[in-house]
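Report on one structure; see the data block that follows.
No experiment lies behind these values; they were computed from the predicted model shown. For the single chain, residues carry numbers from 1 onward in sequence order.
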Amino acid sequence: GSDCKARKGVLLMKILATGNDELISAWVYHAFGVVCTGVNLAVAVMDGDQIVGACLFHAHNGPDVELSYYGPQTLTLGIVKGLAKIAVEHFGVSRITVRTAKNNKIMNKSVHKLGFVYEGIRHCAYGDRDAVMYGLFGRKLAKLAGKGMQ
């Protein structure tokens, strides 16, 4: 998948890339200090030859997979649609679970606008900070992934 944006007359393209979970997980560790374990699939958000963001799919259990996204100010609707499509086509899931820090107001507002449903608080999920849990499932997931319900 890709997402294009024109900025000052220059066409910038962000591309989702897979195939090297270790390299992408290492980028997350070096950029954000997050140790990545139990990754089912890592997806890099590329801007040219540079990784600018990453999504880690983890905790896949059949019908559900969790997503963790890293890359401040890089997440776009096109990227979210691409990740939803990967979740549905690659993992065959009927739901996606995400969490974000309770104090991350921008992300909490954004996931709600995308159709994710608030599911609760996970206390101390980030050490001394709480996380807000969201789920996306059914028709809303199918629509975001560009699929019709069957």
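The side-chain heavy atoms of V34 and Y70, taken from C-beta on, include a pair separated by under 4.5 Å. At a threshold of 4.5 Å between non-hydrogen side-chain atoms, the residues K14 and M46 do not count as touching. Between Y69 and I79, the closest side-chain pair of non-hydrogen atoms falls below 4.5 Å. By the 4.5 Å heavy-atom criterion applied to side chains, H60 and V93 are counted as neighbours.
In this structure, CD1 in I96 is found 10.0 Å from CZ in F91, a value given to the nearest 0.5 Å.
Note on V88 and L41: same hydrophobic cluster, where clusters join Ile, Leu, Val, Met, Phe, Trp and Tyr whose side-chain heavy atoms are under 4.5 Å apart, directly or indirectly. Linking ILVMFWY residues whenever their side-chain heavy atoms come closer than 4.5 Å, directly or via other members, places L67 and M107 in the same cluster. Clustering ILVMFWY residues whenever any of their side-chain heavy atoms sit less than 4.5 angstrom apart, transitively, puts V98 in a cluster other than the one holding I106. Both L83 and L77 belong to a common hydrophobic cluster when Ile, Leu, Val, Met, Phe, Trp and Tyr are linked at side-chain heavy-atom distances under 4.5 angstrom. V80 and V52 fall within a single hydrophobic cluster, where Ile, Leu, Val, Met, Phe, Trp and Tyr are joined by side-chain heavy atoms under 4.5 Å apart, directly or via other members.
Judged as a side chain to side chain contact (heavy atoms under 4.5 Å, CB included), and not counting sequence neighbours, the contacts of P72 are F32. Remark: R95 engages D64, T97, E119 in a side-chain hydrogen bond (donor to acceptor under 3.5 Å, both in side chains) (not counting sequence neighbours). Applying the side-chain hydrogen bond (donor to acceptor under 3.5 Å, both in side chains) criterion to H123, with sequence neighbours excluded, gives D130. Residues satisfying the side chain to side chain contact (heavy atoms under 4.5 Å, CB included) test with N108, not counting sequence neighbours, are T100, N104, V132, Y134. By the side-chain hydrogen bond (donor to acceptor under 3.5 Å, both in side chains) test, S68 is found to be paired with H58, residues two or more places apart in sequence or in another chain being considered.
Between K140 and G115, the closest heavy-atom pair is CD-O, 3.4 Å.
Using a distance-only test at 3.5 Å, with no hydrogens or angles considered, no donor-acceptor pair links the side chain of S25 to the main chain of E22.
Under a cut-off of 6.0 angstrom, the local environment of CD1 in I121 is crowded, with over 12 non-hydrogen atoms contributed by other residues, nucleotides or ligands.
The hydrophobic cluster containing Y29 also includes V35, under a criterion of side-chain heavy atoms closer than 4.5 Å among ILVMFWY residues, counted directly or through chains of members.
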